[in-house]
Structure formats: structure tokens, C-alpha cells
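Below: one structure, written as C-alpha cells.
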Amino acid sequence: MTLRSGAAGLGERGFRAGLTWLSHRRALGRLATRIPVTRPMVARFVVGQTLDEALVAIERLRTAGYATTVDVLGESVTAADSAIAAADRYEATLQALAERGLDRNVSMKLTQMGLDIDVDLCRATVERVFRAAAELGAFVRIDMEDHTKTDATLDLWRAVRRWNPSSGVVIQAALRRSPADIERLIAEGAPVRLCKGAYNEPASIAFRERAAIDRAYVDLGVRLLRAGIPAGARPAFATHDGRIVEQLIRVADGDGIPPDAYEFQMLNGVRRDLQASLVRRGFGVRVYVPYGTEWYPYFMRRLAERPANVAFMLRSVVKEGRGRRQPPKPNEGAPPPG
Ligand code: FDA
């Protein structure tokens, strides 16, 4: 590492840490969701505020050859009513997906289901969604939040898995503990989604250098590919990193592992070029489709992942300010390519 790249890395980490900190500021979230200027930027990542808007987006993605997983946005709830309402929304979403013959696949966060309030409440709300999903033949994935939730998330998934064997978890390559977690999950035949990790974690818990995280991702990805996980529990590689995608494909090809033994997952609105090229090449790509009004923390993590997103947002805010005085030019407001 040179002095210059070290300084750049520190700057980027500080920037990310700042945005992650802001993502937890509830009052800012309430303000942001009320300001109209944020909407065009949010629309790049979040397909809409309502279930109907989400269904339109999923239908469009299906026509284009993508699988989908739906995230009913919400996290860190502090009232039991909110956790119960979140379970209601997931049930309604699953029902609507089944009625329309769409991909029955959802992703949820445990702090949205009441984990910060009471573990028993959380278990009850998750169990309700798991049972509803099992009746509809649907897949449920529990997203992974920051490292303080890792044990609770894996424990709770193990406790409720019997209600829906077709359910899975997420492992973050950045966490130092992840190789051990992956080994245990492989032994359990669990469907694992591997991601780099979206939270700002301490160095004692997680790798913080990009190169170390990328190396860990590839190591864990190769381990999952070679584990021979049973059908129905195929590993999901959640990344927009084209180099990692190609490395994993090369390993799979070299080992004679067919493309239908694994899938790639990407966020709505990010690296659409890569998503499309993988589908054209015959790989399975699942798009993560978030909808709802509670988009603020999700959106802030997307900003933290790519500094150019913030620059774009600030430019748009300035333009919006000027636009109150001047009419907009055609095609203004298009986001930069992801
Ligand atoms: P990296 O950040 O290196 O990005 C590679 C390239 O992708 C960038 O150069 C850029 O071109 C593009 N890119 C990435 N993010 C972008 C953005 N926000 N805007 C525009 N371009 C962007 N995390 C977590 O902690 N728990 C979880 O449960 C999940 N779940 C999850 C599901 C799915 C389907 C995905 C794709 C990701 C997650 N994540 C997650 C997020 C994940 O941990 C990680 O923060 C992001 O995917 C960014 O990391 P990449 O692997 O894309 O690499």
C-alpha cells in the first residue's frame, strides 16, 4: 500500500463511516422522506412506496429475464406494533406474489421484526411470515445487519427454520468470523447469500481494506461453490464486483459446476449493465427489489457504497434549487450508471 492509496483509503472509510452514522439518525430520515428533491435519487434504488408499484417492477424484471427477491423496507423498529405491521406487510406481499404467479421470494431484516425490542416478539413475527411463506411455497431470506446482530440472527434462523426449510441467511465476507460461520452453514445444508458487508464495523471484528474484503469474498465464494450444497439451497453471490463475478465463474467452469448450481444477486438500480450481460450469458441473476416508505437507512447505505452517488445527489439538489427559477433541460435527473 502506498502513502497515497493509504490516505485515499482512510478518506473513503471516513466518508463511509459518516454516511453510515447518518443512516442511523431517525430525525434526518423523517426529514429526508418528506423532501421532494430526494425522490428522483431514491427512485434509482427503491422501486416505489407501495406494493402495487413493486409488483409492476417485478413483472418488468421477470419479462427481462431476472429472478427477484422483495424487501419490504424497514429496520430498527422500536414499537411492537411496527414489528407486527411489518409481518402483515410481508404476508400481504407473499400473497400478492403468489396470486400473480410472480417469484415468491422475499428478504427481511430481524430488527424490522422486533429484534431490538424483544427476541420472543421477533421470533413470533418471523415465525408467522415463515409459516405463511411455507404454505405458499415461498423462499424467505433473513438479511444480515451489523455485527452486533450476527449471533442473534443465525440463532433465530436456526430456531424457526423448521417452519420453512426453504429459508436462508446472509454471510458478510468482511467479518473475520465468517469462515467459521460458513463451515457450520454448509454442514447444515443452508442456502447462503454471500455479500461483502454494508456496515461500518470495527477493525477487531472486520477487515476494513477493500483488498482484504475482496480476497475473503473470493475464498468464501469458492468454498461455497465447492461445498456441493443440496439442490434448493444453492449459494447466492451478492455482488456488483465484475472481477469477483468472473473469478467465481472461472472456478465453477474449471470444476465443472453448472451455472444452475449457483446464482448472482444484485441490487435494483446498481450495475444494470453487468446484470444484463450475465443474463445474456445464461447465468441466473436475482434482483433485490426494495419497496416502502422506510427507505432512508437503505438509501444511505447505497450512498456510502459509492461516493459518486453523493456527488450526483448534491449536484441534483443544487440543480433543483436553480430549477425553481429556471425550467429543467430535457433528460436532466438521470442517475450515473451504477
Ligand atoms: P463494491 O462495493 O466493491 O462495488 C463494486 C462495483 O459495484 C462498484 O465499483 C460500483 O460500480 C458498483 N456499486 C456497488 N455499490 C453501488 C451503489 N450503491 N451504487 C452504485 N454503484 C455501486 N449487505 C449486508 O451487510 N447485509 C445484507 O443482508 C446484504 N444483502 C445484500 C443483498 C444483495 C442482493 C446485494 C447485491 C447486496 C447486499 N448487501 C448486503 C450489500 C453488500 O454487502 C455491499 O455493501 C454492496 O453489495 C456493495 O458491494 P459490492 O459487492 O457490490 O462491491
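For ligands, and for the atoms within them, numbers begin at 1 and follow the listed sequence. Predicted, not measured: the structure shown is a model, and the values here were computed from it. Just so you know, residue 1 is the first one in the sequence shown, and it goes up from there.
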Please identify which atoms of ligand 1 are closer than 4.0 Å to at least one heavy atom of His240.
5 (C), 6 (C), 7 (O), 14 (C), 36 (C), 47 (O), 50 (P), 51 (O), 52 (O)
Donor-acceptor pair, distance only, cut-off 3.5 Å: does the side chain of Tyr66 make one with the backbone of Arg60?
no
Validation row: Arg161, Glu188 side chains within 4.5 angstrom (heavy atoms)
yes
Examine Lys196 against ligand 1 and note whether any of their N/O atoms are separated by less than 3.5 Å.
yes
Under 4.0 Å to a heavy atom of Asp143 - the qualifying atoms of ligand 1, by number
28 (O)
Work out whether the distance between some heavy atom of Arg210 and some atom of ligand 1 is less than 4.0 Å.
yes
Taking everything shown except Arg243 itself, do over 12 heavy atoms lie less than 6.0 Å from its CZ?
no
To which of Arg193, Arg286, Gln265 does the heavy atom nearest atom 32 (C) of ligand 1 belong?
Arg193
Any N/O of Met144 closer than 3.5 Å to an N/O of ligand 1?
yes
Short version for Arg44: what comes under 4.0 Å of ligand 1, heavy atoms counted, is side chain
Give a yes/no verdict on whether any heavy atom in Glu201 is under 4.0 Å from an atom of ligand 1.
no
Just so I know, are the side chains of Phe264 and Leu274 near enough to count as touching, which here means a heavy-atom distance under 4.5 Å?
no
Would Gly197 count as a polar contact of ligand 1, with the cut-off being nitrogen or oxygen pairs under 3.5 Å?
yes
Shortest non-hydrogen separation from Glu59 to Leu102 and the atoms involved
OE1-CD2, 3.9 Å
Based purely on interatomic distance, does Thr239 place a nitrogen or oxygen under 3.5 Å from a nitrogen or oxygen of ligand 1?
yes
Which one holds for Thr69 and ligand 1: side chain close, backbone close, both close, or neither close, with close meaning a heavy atom under 4.0 Å?
neither
Within the structure provided, determine whether Tyr262 and Leu225 are in side-chain contact (heavy-atom separation under 4.5 Å).
yes
If the cut-off is 4.0 Å to any non-hydrogen atom of Arg302, which atoms of ligand 1 fall inside it?
17 (C), 18 (N), 41 (C)
Within ligand 1, which atoms have a heavy atom of Val170 less than 4.0 Å away?
27 (C), 28 (O)
Hey, what's the ring geometry for Tyr298 with Tyr288, parallel, tilted or perpendicular (30° and 60° as the breaks)?
parallel
Hydrophobic clustering (ILVMFWY, side-chain heavy atoms < 4.5 Å, transitive) - are Met108 and Phe139 grouped together?
no
Close-contact set for ligand 1 against Ala238 heavy atoms, below 4.0 Å
33 (C), 34 (C), 35 (C), 36 (C)
Spell out, yes or no, whether Ile213 and Ile244 are grouped together once hydrophobic residues are joined by side-chain heavy atoms under 4.5 Å, including indirect joins.
no
Would you say the side chain of Val170 lies within less than 4.5 Å of the side chain of Arg141, judging by non-hydrogen atoms?
yes
Between Thr50 and Asp52, is any side-chain donor less than 3.5 angstrom from a side-chain acceptor?
no
Can you confirm whether Asn200 sits close enough to Arg208 that some side-chain heavy atom of one is under 4.5 Å from a side-chain heavy atom of the other?
yes
For ligand 1, find out whether one of its N or O atoms is nearer than 3.5 Å to an N or O atom of Ala198.
yes
Honestly, for Glu145 the part within reach of ligand 1 (heavy atoms, under 4.0 Å) is neither
Quick one: which ligand 1 atoms are inside 4.0 Å of a heavy atom on Gln172?
24 (C), 25 (O), 26 (N)
Which ligand 1 atoms are under 4.0 Å away from a heavy-atom of Asn309?
17 (C), 18 (N), 19 (N), 20 (C)
Numbered in order shown, the ligand 1 atoms found under 4.0 Å of a heavy atom of Tyr288 are 32 (C), 34 (C)
